[in-house]
2 protein chains.
Amino acid sequence: MTERDGRPRYARVAQEIREEILAGGLRPGGLLPSEADLADRFGVSPTGVRNGIRRLRERGLVGAEQGRGFVRAPRQRLRRHHSERYQWEKDRARQTAEVRARTGATEFDTDLQSTDLKFHAEYSETAACSELAMRFDVPVGTRMLQRDYSTSCREDDAALSVVHSYLVYDVVATNPELLDVAREPYPGGTQSQLFTIGIEVDRIVDELSARPALPEEAGVLGIEVGASVLVLNKTSIDVTDRVVEYSEVILPGEWTEVVYTTELKRW
Amino acid sequence: MTERDGRPRYARVAQEIREEILAGGLRPGGLLPSEADLADRFGVSPTGVRNGIRRLRERGLVGAEQGRGFVRAPRQRLRRHHSERYQWEKDRARQTAEVRARTGATEFDTDLQSTDLKFHAEYSETAACSELAMRFDVPVGTRMLQRDYSTSCREDDAALSVVHSYLVYDVVATNPELLDVAREPYPGGTQSQLFTIGIEVDRIVDELSARPALPEEAGVLGIEVGASVLVLNKTSIDVTDRVVEYSEVILPGEWTEVVYTTELKRW
DNA sequence: GAGTGGTCTAGACCACTGT
DNA sequence: CAGTGGTCTAGACCACTCC
């Protein structure tokens, strides 16, 4: 019954299914054999199958919902070149609307065209929690504009990123256009929006960390609960050293590469 | 028996244990009640307890090994300021050994002193796999020097980072000192080592992604299997546009913040 | 040696999928 | 509708930790 080789049995389940996927025996988008079938085939209990499959789900090879388990299509890794992207966005802020409308930031460092992209935006008002208050150096409870974005490929509805962006309400209210979600996607993005109220961004600080995806995030990003997300906290600081925007960017960790180039002074 | 409120029962298990930890009822380092006890207390089966606890393990609140489950001490987030750190390392490369010996890179962006740190290094020879070959633009099979590092706090033995660094063997062999692991930790680090063979680094490209920790990584980093790691692929390019070093840096995702500052040109 | 978590078994019900 | 995965139960053995 037990052919122990030192490794748990579910490891063999995971390995063999993985190999079958990579070899092409199980095709992307296709259904996985049922857990009961797999249990029979590998001679383990349903629990063993589930334990094995969990790892494959976390790594993005397979997916499951109630009623079906399936092989995930290998997803292209998206590269985001932030050190160049931010300067590029700044350069565009003073261009005409026509020029700005031509391409969005996602197209800048992706091969994707804006016609391939599905964009979603939602605005709301909130009161600054203690963390936001600290980051913006404003009193707790200050009125903030919260903007929630998600960008997806038009094909599969998996989002490439989920963004929660915050601005001080009274600062952006100077230009009522900026409170109107109907104007999204705003040509040129946030730096262009800030330009309309006389704000010049001096520098952007990105803080990166990682953690397991929460259930809501997993749904939107097209990954499984327990898979990893990259969390990017982005702070924009203007030429007077004031924090003018803060955003939390959630990226599917396994399918994203955020790239920073540090140029060093020559000797 | 079933008091269904729409959420699975294990969610309540996770939530209540979490709250008890945050409230201080369960103290860091202390033992968790046994799974059997928890099953009794919450009126769920052992499986339910395990499902609930799994989430807490992935988020780093609790840990477990065979024979005991315990509350993890809240760990300090380590901030690594790479955009400044790399320039600082370059500046040090031409300093005297005395100056370089004074502090290491980890101390640069941490409050930790080198006396608090435990450093481990191991050198080996490998043949370039296809990925390394591509990154260095050398033939597959080229002799490489592989250097594996880990740095930990002296207190808890959890590593702050695990690094696999690669160099082209014949390039660094110019200075036999660089093949000698006994010289680690080398004052000033890699850029100082490269300086001894006449290499000036022009720029460093960091690519960041995230994925669940593998069992080996989890052990070294003091996190649980299934917790997230930040993966940082670092490429150093010299003034002749040649890749001179490549390394894979594995960081505990929940306890690390990698920081990049992008300075923008003024209008 | 007692007790624990890691692994495993053999069932069950229900919400959901696809047809 | 049949079949599937999500959740759950009630047990078991073993390697390991702690005392």
Side-chain angles (χ1 to χ4, degrees), chain A residues 1-15 17 26 29-58 61-72 157 214-216 218-219 224-227, chain B residues 1-15 17 26 29-58 61-72 157 213-216 218-219 223-227:
Chain A
M1 224 204 282
T2 7
E3 27 131 7
R4 289 222 132 282
D5 55 345
R7 285 184 357 173
R9 297 213 215 170
Y10 64 76
R12 195 169 62 86
V13 174
Q15 187 188 329
I17 297 179
L26 291 168
L31 289 180
L32 225 44
S34 78
E35 295 183 349
D37 285 354
L38 292 169
D40 284 348
R41 175 169 137 198
F42 292 107
V44 299
S45 70
T47 310
V49 173
R50 287 186 74 74
N51 282 338
I53 286 185
R54 179 182 308 118
R55 301 193 165 195
L56 301 179
R57 296 179 61 174
E58 287 171 351
L61 273 88
V62 307
E65 353 177 325
Q66 272 190 337
R68 71 198 194 101
F70 54 95
V71 183
R72 281 201 184 274
D157 45 4
L214 304 174
E216 321 98 72
E224 303 288 313
V225 177
Chain B
M1 221 205 284
T2 7
E3 26 132 9
R4 289 220 132 283
D5 56 344
R7 286 184 359 174
R9 297 213 212 169
Y10 64 76
R12 194 169 63 85
V13 175
Q15 188 188 328
I17 297 178
L26 291 169
L31 289 180
L32 225 44
S34 78
E35 295 183 350
D37 286 353
L38 292 169
D40 283 349
R41 175 170 139 199
F42 292 106
V44 300
S45 69
T47 311
V49 173
R50 286 187 74 75
N51 283 338
I53 286 185
R54 179 182 309 119
R55 299 192 167 196
L56 301 179
R57 296 179 61 174
E58 287 172 351
L61 274 88
V62 307
E65 353 177 324
Q66 271 192 338
R68 71 197 193 101
F70 55 95
V71 183
R72 281 200 185 274
D157 46 3
L214 305 175
E216 322 96 72
I223 58 180
E224 303 287 314
V225 177

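Within every chain, numbering begins at 1; the chains are lettered A, B, ... in the order of the sequence lines, protein sequences first and strands thereafter.
Scanning both residues, A:Leu32 and A:Val71, for their nearest heavy atoms gives CD1-CG2, 3.6 Å. When all heavy atoms are compared, the tightest approach of B:Glu224 to B:Val62 is CG-O, 3.8 Å. Minimum heavy-atom separation, A:Leu26 to A:Pro33: CD2-CD, 4.1 Å. When every heavy atom of A:Leu31 is checked against every heavy atom of A:Arg68, the shortest pair comes out as CD2-CB, 3.9 Å. Of all heavy-atom pairs between A:Phe42 and A:Arg12, the closest is O-NH2, 3.4 Å.
Across all strands, A:Gly48 comes closer than 4.0 Å to no nucleic acid atom at all (heavy-atom distances).
Between A:Arg50 and A:Tyr10, every side-chain heavy-atom pair lies at or beyond the 4.5 Å cut-off.
Side chain of B:Glu35, nearest nucleotide from C:dG5, C:dT9, D:dT9: C:dG5. Checked against C:dG6, D:dT17, D:dT7, the side chain of B:Arg50 finds its nearest nucleotide in C:dG6. Checking D:dG6, D:dT9, C:dT4 against every side-chain atom of B:Arg9, the shortest atom distance belongs to D:dT9. Nearest nucleotide to the side chain of A:Arg68, out of C:dG18, C:dC8, C:dG6: C:dG18. Side chain of A:Ser45, nearest nucleotide from D:dT7, C:dC8, C:dG6: C:dC8.
If you measure from atom CG of A:Asp40 to atom P of D:dT4, you get 11 Å, rounded to the nearest angstrom. To the nearest angstrom, C1' of D:dC14 lies 16 Å from CD of B:Glu65. Remark: P of D:dT7 and CZ of B:Arg12 are 16 Å apart, rounded to the nearest angstrom. One can place CG of B:Leu38 at 10 Å from P of C:dT4, the figure rounded to the nearest angstrom. For the pair A:Arg7 CZ and D:dA15 P, the computed distance is 18 Å after rounding to whole Å. With rounding to whole Å, A:Leu31 atom CG is found 8 Å from C:dG18 atom P. Rounded to whole angstrom, the span from the CD1 atom of A:Ile17 across to the P atom of D:dG5 amounts to 10 Å.
Contact check of residues 51-58 of chain A against DNA chain D (heavy atom, cut-off under 4.0 Å) returns A:Arg57.
Within the 4.0 Å cut-off from OP1 or OP2 of D:dT4, at least one side-chain nitrogen or oxygen of A:Ser34 is found. Put simply, A:Tyr10 has no side-chain N or O that comes within less than 4.0 Å of OP1 or OP2 on C:dC8.
Both B:Thr47 and B:Gln66 lie near DNA chain C, and the one whose nearest nucleotide falls closer to the 5' end is B:Gln66.
For the pair A:Arg9 (side chain) and A:Gly43 (backbone), a donor-acceptor distance under 3.5 Å is present.
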